Amino acid sequence: MPEQPYDHRAIEPKWQSLWDGDPGLYHAPNDDARPKYYVVEMLPYPSGKLHMGHVRNYSIGDTLARYMWMRGFNVLHPMGWDAFGLPAENAALKSGRDPRDWTVSNIATMKGQLKRLGFSYDWSREISSCEPEYYRWNQWFFLRLYEKGLAYRRQSRVNWCPECATVLANEQVVNGCCWRHETTPVVQREIEQWFFKITEFADELVDGLDRLDTGWPERVRAMQANWIGRSDGAEVEFKHDETGEPIRVFTTRVDTIFGASCVILAPEHPLAAGMIRSEDGPRLKAMVDDQARKAPGEIEKDGFDTGHFAVNPYSGGKVPVWIANFVLATYGTGAIMAVPAHDERDFEFCTKYGLPIRAVVRPVEGTTPDPVVDVFTDYGVLEHSGSFTGLTSQVAREKMAKYAEFMGFGKAKITYRLRDWGVSRQRYWGTPIPMVHCVVCGVVPVPDSDLPVLLPNRVAITGTGRSPLENVAEFMNVKCPKCGADARRESDTMDTFVDSSWYFYRYADPRNSGAPFDPAIVRHWFPMNQYIGGITHAILHLLYSRFWTKFMRDMGLVDHDEPAANLFTQGMVLGTDGTAMSKSKGNVIDPDEMIDRYGADTCRLFTLFAAPPDKDMEWNESSVEGQHRFLGRAFRFVTRNIGAQREGVEENGRQAQRKLHQTIQKITADFDNRWHFNTSIAAMMELSNELTALEAGIPGELLPEILENFIKLLAPFAPYTAQELWVAAGGEGAVFRQPWPQFDEALAAQDEIQVPVQVNGKLRGRIAVSIGLPKDTLEQAARADEKIRPHLDGKQVVKVVVVPDKLVNFVVKS
RNA sequence: GCCCGGGUGGCGAAACUGGCAGACGCAGCGGACUUAAAAUCCGCUUCCCGGCAACGGGAGUGCGGGUUCAAGUCCCGCCCCGGGCACCA
C-alpha cells in the first residue's frame, strides 16, 4: 500500500460515530465472564467549556479504560454532570437566562467537546444532578438521614457581607472583609441551618484511611487525617467556687493540670456573658464580633479577668476565670485551662497578664528549665502534683483520666477538629430540602410519596442573599403533611456536594425510578476500582462521599465501607501565569484551537506525554509539534508497509520483533504499575524510530504481526489514528474489540548486550557479550578488553565485582 | 509550628529493586532534498580542558557529611520551592 499522508481532519470525524451511540464499547452488560473494572473521573461541571486541565484528566481515565477493556476486563466508564449552584446562578444573573437552560446548554457544549476528543464514555449512563429524579433521591437520602438523627437543624453563625447582602463561604472572606468589597467588614449572623452529622463517623473516617494505604495517595490520606484532627485527651470540670457551676475543659495534657494558672473561656462561651463585670460588657461584645474578622495567626492575644474563681478538681486550688479571644468556641468545650509552664501559647498569654507560672513536669534527664523563661512542652516526670508526683506524663495522663472518671468530675475524651457538615444554601439552584415548617407541629418531613420537591421554574434571581424561593408563593405555601394546617416550605436548598457524594453509585443504575439504585447492581460494580480526579477535592468531596458510603452501608444499601479502592489524583495544569487555571483569572487554555490544528489524538498524546500524570504541568505548547510529527511518522510507516512484499534480512526481522516485544512488555508494565504514560509514549516513539530504521530489511512475512501489534499498542493513546490504521490494515470493527498484545519473553530477550566495565567505580569501557555469561567468563572478557587493560597493567587488583549481565568493576591499588 | 510532596542539561523529562546519569521529546546548530519555502529525512547537542580529528582527561543530579567496589537512588545534618492544616488546648 502506498504511503498515505497523515491528515487528522480526514480521519477523526470519520470515527466519532464508532463510539458515539455505542454504549457497550467497553461495558458489555451481560458479559460476566470478564472480570469487572469500574473507572470514574470526577464530575465535570458545566460552567462553560472544557479546558486543558479537563482534557488531561479525562485523557488519563479514557486511556486507562481502553487499556483495561483490551486486557479483557468488563469496563464501566460512565459520564455525568454536576450542576454547580453558584456558577449557574451567577451566569443566570448576568444573562437573564434560567439556570436550568444555561446548565443544559453548557452540558451539550461540553459533551460535544468530549466526543470530539474521542472519549468513549458510556453515555447511556449520563446523569445530571439537576435532573428531577436526582433531586428525588437526594431528598430521599435526606429523609433517611433525618430519621436516624444524622440530619438536624440548629442556629449557626455565617459570614455575611452587608454590602452584597449575602452569605459568604469561609474562602470568600479575605482579611475579615468581603472578597468583592475589600473595605466592608464581614459580620456574623446567626441563622437556622441544616447539618449532617458527619462527626458521628469521625473515628471510622480516620481509621479507614489506614486501610486505604495501598490505593490512595499518602497526600490525600494525610490531608484528611489532618482535617478530621482527632486528638486524644481528657475532659475535666473546674467548678465555680461559689455556685458550683461546672466549667468543662478539654486538654491533651491533663498531666500538667497541677500547673494550671487560670481557666479561660471563649468569648462566645455560654457562661461568659453571665460572669463578666457589667463594665466589661462592651469589651466582650467587641471580642465576639472580632472573631469574624480574625486573620489566623495574626491576632494579638487579648483577654480579661471575670473576677470569678474556679476550683482545680485535682489540687483543690482556686484559679481565676478569664475570657480571651484566642480560645475557640467551636473546638473542644470552648474553655481551656492555661498551663504556662508547659504550653507556648498559654505562656505567652500568662506572661502578658502576669499570671503565675508553675512547673509541674520536669525532663526525665537533664536540667529543668526555668519556667519563667523557658517552656517545657515535652513529656517528662511529674512533680508538685500531689499523689501523681513521680509518674511519667504518659502514665499520668491515663491514671489521672481514670481518677477523674472515678471521682465523677471528668473522663478520657477524644476531640475532633472536624465539624458537622452544613448543607443549607440560601440559593435557588440546588435540591430543595424536603421539610415543611408548621406552626403547630414544627419541622415536619415531606412524606416519601410527595417526592421529589421540585424547584419552581423561572424564579427571579435577586442576588440579595436570601433564598429567592421565599418570594415564590406557590412553592412556599403548603399544607402541613401531619395536621393539614397552613405551613411553609423550607426554602434552603442543599449544598451541591450532596449531589457529588453519591453520583457514582447512580451511574451503575441511572434510570432506576424506584430506588437510588439497585443494591445488587451496585454490589456487582463496587467499590469502584479506580477514581480519578484533582487534588482540589482531597478533603471536601472525598470526605463527604466516604461518609455517604458508610451511612448507606449502615442502611444496608451497600456492602462495602469505602467507595473507591484506588484513588488517583492527577496533577493540575497550570495556566500561563503558573497558577491553576480558573475562569476568573482568565488564564484558561481551551483545547479547541489545538484540536483544530493538530487533531484530538495529538492533543491527548501531548497532555499525556508532557509529564507523569500525577505531576503538575506548566503550560507550554512547544512540544506539541513533536507529538504531531510522531503520529505522522507512525501513520506513514504503517500505511506504506501494509501488504508490503519484500525479502528482508533475517537479523533485521529479529531486531524488529525484539523491539516490538520489549515495547509490549514495557507499556503493559507501565499500565499495570504506575501509569507513567509519558514513558509509554516514549517507548512507542522508540519502537517507531527503530522500525523505520530497520524498515528495508524487515522480511515481508513478519510485517502483519508487527503492524497489527503496533496499532493495538497505539490504540489507548491515540484512538482515532489507531482505528484508521486498523481498518486500513484490513481489521474489522473497533480496534478496542481486539485483545491487548501479549509479549513473548523469548522474542523480547536480548541475545547480545553491552556490559559496562568500571575501574575503581569509574566507567572505562564496555564489552559486548552474549546474555547470561557466568561471572568468571565475564571477568575474563573485561580483563581482555583493550580499553581496560591499560588501567589494570602494573596495578594490583584488590577486588572484582561482577554482576552478571549488568556490570564489572575492578578495584585496583597502584 | 506540624504534616505531605518536590529540587537532575537551554526546556518538559527518563533512570521502577543502589549498577552505563540525561532515554524520549522540544528548542538550537549543521547537512540532504528543493529555483525557493513548507513538509520530510540524516547528523550533532550536560559542562570544562586537550586535540584538525577519531578520541582522551576531568567535573556533574540543591548544599555539607557518611555508608558502599559502586549513590540521583540508602543514612545523618542543612538550604530552597510547592501544597495542606494552624491560637485545635
Side-chain angles (χ1 to χ4, degrees), chain A residues 5 217-231 233 249-254 256 264 266 294 296-301 324-328 330-339 342-346 348-349 415-418 535-536 538-539 571-572 574 578 605-606 609-612 614-627 629-630 632-633 636 666 669-670 673-674 676 678-689 692-693 754-766 787 798-803 805-812:
Chain A
E218 168 64 27
R219 180 159 60 141
V220 173
R221 290 185 294 120
M223 278 164 79
Q224 291 208 358
N226 214 333
W227 182 262
I228 296 165
R230 177 160 67 185
S231 83
V249 156
F250 174 75
T251 176
T252 53
R253 290 298 302 274
V254 71
T256 65
I264 311 177
K294 180 158 81 171
E298 303 261 311
I299 210 158
E300 162 89 18
K301 284 183 183 46
N325 62 349
F326 70 90
V327 179
L328 301 174
T330 46
Y331 184 78
T333 60
I336 64 160
M337 63 174 193
V339 185
H342 305 296
D343 182 284
E344 297 276 1
R345 188 205 46 213
D346 295 346
E348 195 193 320
F349 184 79
T415 294
Y416 305 89
R417 205 194 74 96
L418 182 71
I535 188 69
T536 34
I539 295 170
M572 282 184 297
L574 304 178
L605 219 48
F606 165 72
F609 183 75
D614 52 344
K615 227 185 129 172
D616 284 352
M617 170 183 154
E618 262 180 65
W619 192 252
N620 180 359
E621 267 178 49
S622 61
S623 73
V624 70
E625 292 276 358
Q627 305 311 307
R629 282 200 280 262
F630 160 64
R633 271 199 303 274
R636 291 189 302 272
K666 156 88 180 139
D670 272 350
N673 300 324
R674 47 174 210 171
H676 277 203
N678 53 333
T679 59
S680 302
I681 294 166
M684 283 302 292
M685 290 172 169
E686 280 186 58
L687 174 60
S688 165
N689 292 345
T692 308
Q754 298 272 319
V755 171
V757 181
Q758 300 178 334
V759 177
N760 284 344
K762 281 190 199 290
L763 182 71
R764 295 299 179 187
R766 295 189 179 86
K787 281 196 180 148
V798 184
K799 186 176 179 183
V800 184
V801 180
V802 182
V803 184
D805 297 340
K806 285 274 180 179
L807 137 154
V808 180
N809 187 13
F810 294 99
V811 185
V812 301

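Chain letters run A, B, ... following the sequence lines, proteins first, then strands; residues in each count from 1. None of these values were measured; they are calculated from a predicted model.
- Using atom C1' as the reference point in both B/rG77 and B/rC55, the two lie 43 Å apart (nearest Å).
- Its glycosidic angle being within 90° of 0, B/rG9 falls on the syn side.
- Note on A/F630: nothing from the nucleic acid sits closer than 4.0 angstrom, heavy atoms only.
- Which of B/rG5, B/rA14, B/rC41 sits closest to the side chain of A/N678 comes down to B/rA14.
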Could I get a table of every N or O pair under 3.5 Å where one atom is in the protein and the other is in nucleotides 42-45 of chain B?
none

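- Counting any heavy atom pair closer than 4.0 Å across all strands shown, A/R219 reaches sugar-phosphate atoms only and no base atom.
- Within 4.0 Å of A/Q758, counting heavy atoms only, lies at least one base atom of the nucleic acid.
- For a distance-only test at 3.5 Å, the side chain of A/N809 qualifies as a donor-acceptor partner of the base of B/rC69.
- The C1' atoms of B/rU68 and B/rC74 are separated by 10 Å, rounded to the nearest whole Å.
- Base contact: A/R766 has a heavy atom under 4.0 Å from a base atom.
- Atom CZ in A/R345 sits about 4 Å away from atom C1' in B/rA89, given to the nearest Å.
- Counting non-hydrogen atoms under 4.0 angstrom, A/V803 reaches a base of the nucleic acid.
- Under the 6.0 Å distance and 45° angle rule, A/K301 counts as a cation-pi partner of A/F326.
- Minimum atom distance to the side chain of A/K615 is reached by B/rA13, of the listed B/rA13, B/rC26, B/rC11.
- Classification of A/R345 and A/E348 as a salt-bridged pair fails, no side-chain N sitting under 4.0 Å from a carboxylate O.
- When heavy atoms are screened at a 4.0 angstrom cut-off, A/P217 is found touching no nucleic acid atom at all.
- Every residue meeting the side chain to side chain donor-acceptor pair (under 3.5 Å) condition with A/S231, not counting sequence neighbours, appears here in chain and number order: A/Y331.
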Give the dot-bracket string for RNA chain B, reading 5' to 3', where a pair is Watson-Crick or G-U wobble with both distances under 3.5 Å, ( ) marks pairs inside the strand, [ ] marks pairs crossing earlier ones, | marks a partner on another strand, and . marks unpaired. (((((((..(((......[....))).(((((.......))))).(((((....)))))..(((((..]....))))))))))))....
